[in-house]
A.B. asks: 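Following this message is one structure expressed as structure tokens.
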Amino acid sequence: MSVVGARPQFVKLAPIAHAAAAAGVEHFVVHTGQHYDERMSESFFDELQIPTPDINLGVGSASHAAQTGRMLADLEPVMQDVRPDWVLAYGDTNSTLATAVCAVKIHIPLAHLEAGLRSFNRGMPEEHNRVLTDHSADLCLAPTWNAMGHLRDEGLAARSVLVGDVMTDVLLATAESLRDSPSGSPIPPTGDYIIATIHRPANTDDPMRLRAIVEALAASPVRVYLAAHPRLVAKSAHHRIELAVGAITTVPPLSYRQLVQAVTAARHVVTDSGGLQKEAFLLGVPTTTVRPETEWVETLEHSWNELVNDPSRLLASVERPRPTAARGKPYGEGHAAAMVIETLIQAFRSKL
Ligand code: UD1
């Protein structure tokens, strides 16, 4: 059983669903309903050809505790009814944490995909979600050697397996398919521009900080396409901060193919998204990450990605020369999902 609920989890689900089908594994998919807008949810299922979830709990938005608690209560009868051999929790959202707590409470084996990532910033909701999920899991499926190191340091080595990064699987396949059929993005497939996304509470919720980030982007000498997450739209409206100013053109949240196409063509990426930092790195597009730290530390090598928490330093980072050093392959070759399914099958058999 896969449990997903938020946009990045749908991207990770795609290669897992395809690998499960290829291996003949029965795969029950639960959507918690954490994300529900068409552009935040359904478009990913359509475009990445993910089977429609077997059940959607329709939980929707709420405070952290209320949202997580509702999911936990609603997941229990579903897990009790299906009794899967494994529950697979994805990443670090509130849907991840609810999945983990529910599975361990009713003694269903739990595997955590994207285990071992750490920001070491306990102010981030994702950090609690991922630490608690790793420590609940029977099997920690790590994307990188660095993640394996964190799991070892926390005493979890015996339950941890390095499988690679499933987002790399879907990214490489999508980049390949875009060569034959463009995505129909609102952003031109060529040109000189920056792609920006800002959605984290640390950047959107304080009006002074959000205004400083918007002002820095607005002063860019090249066009900035800002793909606006619903949280950014809601918070900027609440704080009365105009987003479409100066160099900024706002666009709605992009579909996955639209995003990959736009990043491939972009001069630079400015983001606070974990997934997008890595996607830009894999596509060879320099990135500025508007955060004090990153879980994807491999992207920082040779300054392909730079951490800039101070908005007044944003444009200087964007204008730095493009790195010339080659990028290694710290995220694998694009076959992680098959490894995940194989690991789950082997671990299940060894318990029989
Ligand atoms: C969640 C994840 C975050 C991930 C992000 C990707 C948690 C704690 N955070 O953050 O790790 O990077 O997803 O997008 O789980 N909203 C809509 N429509 C939607 C979804 C959300 O309008 O379909 C609005 C609502 O006002 C909601 C707000 O966005 O309150 C935030 O949504 P929520 O799911 O709570 O967290 P994200 O910020 O999306």
Side-chain angles (χ1 to χ4, degrees), residues 2-9 11-13 32 34 62-72 75 79 86-167 199-203 205 272-275 277-278 289 291-300 307 309 330-331 336 340 343-344 347:
S2 282
V3 184
V4 292
R7 185 169 60 170
Q9 294 171 320
V11 177
K12 293 164 204 171
L13 171 63
T32 62
Q34 178 173 347
S63 67
H64 286 280
Q67 187 182 54
T68 311
R70 267 178 223 154
M71 291 174 193
L72 180 55
L75 277 168
M79 288 193 196
W86 278 110
V87 165
L88 187 57
Y90 291 64
D92 55 18
T93 73
N94 290 344
S95 296
T96 316
L97 179 61
T99 304
V101 176
C102 189
V104 295
K105 288 281 178 206
I106 55 175
H107 309 293
I108 296 180
L110 171 72
H112 183 205
L113 185 70
E114 239 178 42
L117 295 180
R118 295 290 180 268
S119 67
F120 301 104
N121 175 351
R122 291 176 55 83
M124 288 177 70
E126 291 81 3
E127 187 73 355
H128 323 138
N129 290 342
R130 55 173 88 96
V131 169
L132 292 165
T133 302
D134 281 342
H135 283 259
S136 310
D138 300 282
L139 189 56
C140 291
L141 301 164
T144 61
W145 282 111
N146 281 315
M148 287 292 281
H150 296 145
L151 293 164
R152 184 199 56 222
D153 293 348
E154 293 174 27
L156 300 175
R159 302 185 227 159
S160 303
V161 178
L162 178 68
V163 289
D165 173 44
V166 296
M167 283 184 107
H199 77 285
R200 291 203 184 269
N203 286 332
D205 294 8
D272 59 6
S273 148
Q277 289 167 51
K278 185 162 36 99
T289 294
R291 280 181 52 195
E293 72 283 301
T294 179
E295 301 77 27
W296 301 105
V297 289
E298 302 80 7
T299 61
L300 300 175
L307 297 171
N309 201 41
Y331 302 117
V340 167
T343 305
L344 293 175

A.B. asks: With the side chain counted from C-beta on, respond yes when D138 and R159 share a heavy-atom pair under 4.5 Å apart, and no when they do not.
C.D. replies: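 Answer no - side chains too far apart.
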A.B. asks: Please check: side-chain N/O of E126 versus main-chain N/O of D92, any donor-acceptor pairing under 3.5 Å?
C.D. replies: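 Here the side-chain-to-backbone pair does not exist.
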A.B. asks: Verify, without hydrogens or angle tests, whether H150 (side chain) and G116 (backbone) share a donor-acceptor contact under 3.5 angstrom.
C.D. replies: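 Checking the backbone N and O of G116 against the side chain of H150, a donor-acceptor pair under 3.5 Å is found.
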A.B. asks: List in chain and number order the residues that pass salt bridge (charged side-chain N to carboxylate O under 4.0 Å, His left out) with R7, two or more places apart in sequence or in another chain; answer none if no residue qualifies.
C.D. replies: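 R7: no salt bridge (charged side-chain N to carboxylate O under 4.0 Å, His left out) contacts found.
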A.B. asks: State whether the side chain of W86 and the backbone N or O of L344 hold a donor-acceptor pair below 3.5 Å, judged by distance alone.
C.D. replies: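 Yes, W86 side chain to L344 backbone: donor-acceptor pair under 3.5 Å.
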A.B. asks: D165: what forms a salt bridge (charged side-chain N to carboxylate O under 4.0 Å, His left out) with it, not counting sequence neighbours?
C.D. replies: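 So D165 forms a salt bridge (charged side-chain N to carboxylate O under 4.0 Å, His left out) with K278.
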A.B. asks: According to salt bridge (charged side-chain N to carboxylate O under 4.0 Å, His left out), who are the partners of E114, at least two apart in sequence or on a separate chain?
C.D. replies: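 E114: salt bridge (charged side-chain N to carboxylate O under 4.0 Å, His left out) contacts with K12.
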A.B. asks: Is any side-chain N of the basic residue among D134 and R118 closer than 4.0 Å to the acidic one's carboxylate O?
C.D. replies: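 Looking at R118 together with D134, the answer is yes, because their closest N to O distance falls below 4.0 Å.
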A.B. asks: Look only at the side chain of E127 and the backbone of M124, and say whether a donor-acceptor pair between them is shorter than 3.5 Å.
C.D. replies: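 No.
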A.B. asks: To the nearest 0.5 Å, what is the distance between OG on S160 and CD on E154?
C.D. replies: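 S160 OG to E154 CD: 9.5 Å, rounded to 0.5 Å.
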A.B. asks: Within the structure provided, determine whether Y90 and T99 are in side-chain contact (heavy-atom separation under 4.5 Å).
C.D. replies: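 Result no, sub-4.5 Å side-chain heavy-atom pair not found.
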A.B. asks: Restricting to side chain to side chain donor-acceptor pair (under 3.5 Å), what partner residues turn up for T68, sequence neighbours left out?
C.D. replies: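 Not a single residue meets the side chain to side chain donor-acceptor pair (under 3.5 Å) criterion with T68.
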A.B. asks: Output all residues satisfying side chain to side chain donor-acceptor pair (under 3.5 Å) with N309, sequence neighbours left out; order by chain, then residue number.
C.D. replies: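 R209.
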A.B. asks: Do P143 and W296 touch side chain to side chain, with heavy atoms closer than 4.5 Å?
C.D. replies: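 Touching, per the 4.5 Å side-chain cut-off.
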A.B. asks: So do the side chains of H135 and L156 get within less than 4.5 Å of each other, counting heavy atoms only?
C.D. replies: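 Result yes, sub-4.5 Å side-chain heavy-atom pair found.
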A.B. asks: Does any N or O in the side chain of T289 come within less than 3.5 Å of the main-chain N or O of R291, such that one atom is a donor and the other an acceptor?
C.D. replies: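 Pair absent, no side-chain N/O of T289 close to backbone of R291.
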A.B. asks: What's the verdict on side-chain contact (heavy atoms from CB on, under 4.5 Å) for T32 and Q67, showing C-alpha distance, side-chain angles and the deciding distance?
C.D. replies: CA-CA 10 Å; T32 62; Q67 187 182 54; over 6 Å; no
A.B. asks: H112 side chain to L141 main-chain N or O, any donor-acceptor pair under 3.5 Å?
C.D. replies: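 No: the side chain of H112 does not pair with the backbone of L141.
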A.B. asks: Side chain to side chain contact (heavy atoms under 4.5 Å, CB included) with Q277: which of L300, D272, T299?
C.D. replies: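 For Q277, the side chain to side chain contact (heavy atoms under 4.5 Å, CB included) check succeeds only for T299.
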A.B. asks: Looking at CG of L75 and NZ of K105, how far apart are the two atoms once the value is rounded to the nearest 0.5 Å?
C.D. replies: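 So the gap between those two atoms works out to 14.0 Å.
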A.B. asks: Test your reading of the model: is there a side-chain donor-acceptor pair from H128 to the backbone of R122, 3.5 Å cut-off?
C.D. replies: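 The answer is yes, because a donor-acceptor pair under 3.5 Å joins these two groups.
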A.B. asks: Check step by step if side-chain contact (heavy atoms from CB on, under 4.5 Å) holds for M71 and S95.
C.D. replies: CA-CA 7 Å; M71 291 174 193; S95 296; 3.4 Å; yes
A.B. asks: Determine, stepwise, if the pair Q9 / T96 fulfils side chain to side chain donor-acceptor pair (under 3.5 Å).
C.D. replies: CA-CA 9 Å; Q9 294 171 320; T96 316; 3.0 Å; yes
A.B. asks: Which pair of non-hydrogen atoms, one from C140 and one from L151, has the smallest distance, and what is that distance?
C.D. replies: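 In terms of heavy atoms, the two residues are closest at CB-CD1, 3.9 Å.
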A.B. asks: Backbone N or O of R130 within a donor-acceptor pair of the T133 side chain at under 3.5 Å?
C.D. replies: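 Not confirmed, T133 side chain does not pair with R130 backbone.
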A.B. asks: Can you name the residues that form a side chain to side chain donor-acceptor pair (under 3.5 Å) with R70, not counting sequence neighbours?
C.D. replies: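 Checked R70 against side chain to side chain donor-acceptor pair (under 3.5 Å); zero matches.
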